[in-house]
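Worksheet: the structure to be examined is printed underneath.
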Amino acid sequence: MADPIIYVSARIADAFVKVAGALADGVDPAVRQSDHADAQVNGSLALAKAMGEPPRDVATKILEVAELADVCSNAEVAGPGFINLTFANEFLARELVASSTSAKLGVRSATILRRVVVDYSAPNVAKEMHVGHLRSTVIGDALVRMLMYVGHTVIRENHVGDWGTPFGMLIEHLVDSGEVSTAEELSVGDLDSFYRGARKKFDESEDFQNRARARVVALQSGDVETLRLWKLLVAESTRYFQTIYRTLGVLLQDADVMGESSYNSLLPQVAKRLNEQGLLTTSDGADVVFPSGFTNRENQPLPLIIRKSDGGYNYATSDLACVIDRVERLDASLLLYVVGAPQAQHLQMVAAVAKQAGWLQPPHSMVHVSFGNVLGADRKMLKTRSGDTIKLDALLTEAVERAASAVAEKNPDLSADARSEIARIIGIGAVKYADLSTDRIKDYTFDWDRMLSFDGNTSPYLQYAHARICSIFRRANVDRASVRKITPTIEHPAERELAMRVLQFDSALWDTLDKYSPHRLCTYLYDLTTSFSSFYEQCSVLKADSDDQRRSRLMLCDLTARVIHAGLDLLGIDAPEQM
RNA sequence: GCCCUCGUAGCUCAGGGGAUAGAGCACCGGCCUCCGGAGCCGGUGGCGCAGGUUCGAAUCCUGCCGAGGGCGCCA
């Protein structure tokens, strides 16, 4: 019940040991998909190198001792010393049934179950969510779903920006505008104009600046009235974030919010503990740590500032408190930070200091799941025509509108209700899939027409294939669950191709988790769907040659649909039965 | 100046030690008495440059060129 290649790899590894004994240590069988057969063994060449024997001779020896009778219908030495493997159709059929009847469609569970914190989304209070937050939110949410799927315990943490000097001006602006008016402004999601209003006053009025600074002091010293006003801003903002999260269909809830302010009480302890370990030094009036290996412009050691010269703490301290909290209180062993690439050095420094201080010892580790920018057609940061940042809310609304007009055109028979729901699923799915389907480390180009196209590696294409399969079962009037234990007969090349793809769900998901790269799962789902479309074109299901063939193909269809559905679900995307 | 990331087809992207580098769009040509043509099948076209490691390099290493980002009291 795993990818056939994984299954066969174990057999080949055994054969390596039989042939080479200790020389096989550390030699990866490297069984991979192949254009020349179902799979090819590449490791035979490396083993031959280790043994100092001709590669083809070694490959022949491997084949003599490898136990492949029940899994391969053919195995032969090829080229310079590869071994080409062809899986037995009966083996594939057995694996398909195992996959179909398993709870997780053939995906192996994690062998070591961990507690994982995923830090993602992280919008700022009283600031509009924009496309920059889209990536963190969408990628983080997909990783959360995948980690849970393989059995890990996942703790979502939304590190909201709810503290710092800007709150002085924001609170003063709130006082000027009145609480009722501010609440109204924020509740309709007009966070940007509120922020800009505060900023404008701050820039124009010296009196306002003084009030703002005084307010920051009041906030940090715990003034009751100031805290009340601050909480008002936080509450209205998080309520608004939640509406975006619901539209986007992500798992984040209010309970997942762990804003920067959550760590305020821990900050003095961070400094204290660092000091006790002799890591803290004073530099230009600030308390800092110099982790090794980091330098500034002048090639001088680069500090992580723990306590500013004015006595205040900053985000580095808060991030360290965060590490302590996640490791010591939450007992998480893996900390994922789904944060943009520009913060790479900062996070490296935080990790370095946390390790030096002994707070982040193996098996505990933190990983920066970094990502690039969203670019417009001009290859620059995505902006509106007038040069403003694009509000996430507006972006999602446009996605649904565009999808709605496409649905209305392609499927006018749907009821108005069904149409708007499907438009939501397609529009939001398209935006999320576009973000997830390219390597997160690179910038990606935002293009409405491409992401909403029904051709190519897009969510509408996957959703369409899924809907077609659902349509087959409606027409056949067959209960989906009733075909799930049927052992399929693999005959047609397109059936075989599809069967192989379906069975790769397991390794596709694990490859994805290995690098925390959702685009690998997307690529897999697209390949699977392409295989299905080809199968569907060449192999009649409802008009099959025999009842057995029909049942066999229905089984394949059901399993394919379930894998597409599950795969999209792991990406946080719905798959409607009709569209 | 130092550090990090990225350069693959005209465009948007996969592939990140394995045989002949794959898709989609665009362009050219096929397929509707057919389960959803929102589809399928085929064709044209490419690894920034130069070294190195390796049986084998788009992939790993070094240098150069180009693009983006970071480099002490904002978060």
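For clarity, every value in this text was computed on a predicted model and none was experimentally measured. Chain letters run A, B, ... following the sequence lines, proteins first and then strands; every chain starts at 1. Below, all heavy atoms of this structure are taken into account, side chains as well, without hydrogens, waters or symmetry copies.
Nucleic acid contact for A/Ser283: base, since at least one base atom lies under 4.0 Å from a heavy atom of the residue. Contacts of A/Cys557 with the nucleic acid, taken as non-hydrogen atoms under 4.0 Å apart, are absent. Within the nucleic acid shown, A/Ala341 has no heavy atom closer than 4.0 Å to any nucleic acid atom.
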Item to check | Where protein sits on nucleotides 6-13 of chain B, one letter per nucleotide: B base, S sugar-phosphate only, - none, heavy atoms under 4.0 Å | outcome: SS----SS

Checklist entry - Can you give one letter per nucleotide of nucleotides 36-45 of chain B, 5' to 3': B if a protein heavy atom sits under 4.0 Å from the base, S if only from the sugar-phosphate, - if neither? => result BSBBSS----

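For residues 458-477 of chain A, the set of pairs meeting the ring-ring contact (aromatic ring centres under 6.0 Å, His included) definition, not counting sequence neighbours, comprises A/Tyr461-A/Tyr526, A/His466-A/His565.
Residues from residues 343-351 of chain A placing a heavy atom under 4.0 Å of any atom in RNA chain B, listed by number, are A/Gln345.
At a threshold of 4.5 Å between non-hydrogen side-chain atoms, the residues A/Ile472 and A/Val541 count as touching.
Nearer the 5' end of RNA chain B, as judged by each residue's closest nucleotide, is the contact made by A/Lys515, out of A/Lys515 and A/Asn373.
Under the 6.0 Å cut-off for aromatic ring centres, A/Phe82 and A/His36 do not qualify, their centroids lying 6.0 Å or more apart.
Distance check on atom P: B/G43 versus B/A21 gives 14 Å, rounded to whole Å.
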Between protein and nucleic acid, restricted to nucleotides 18-20 of chain B and to nitrogen or oxygen atoms under 3.5 Å apart, what atom pairs and distances do you find?
unit_1 : atom_1 : unit_2  : atom_2 : d
B/G18  : O2'    : A/Gln40 : NE2    : 2.6
B/G18  : O2'    : A/Asn42 : OD1    : 2.9
B/A19  : O2'    : A/His36 : NE2    : 3.3
B/A19  : N7     : A/Gln40 : OE1    : 2.7
B/A19  : N7     : A/Gln40 : NE2    : 3.1
B/A19  : N6     : A/Gln40 : OE1    : 3.3
B/A19  : N6     : A/Asn84 : OD1    : 2.2
B/A19  : N6     : A/Asn84 : ND2    : 3.4

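Among the duplex regions that RNA chain B forms, those built from at least three successive Watson-Crick or G-U pairs under 3.5 Å are B:1-7 with B:65-71, B:10-13 with B:22-25, B:27-31 with B:39-43, B:48-52 with B:60-64, ordered by first number.
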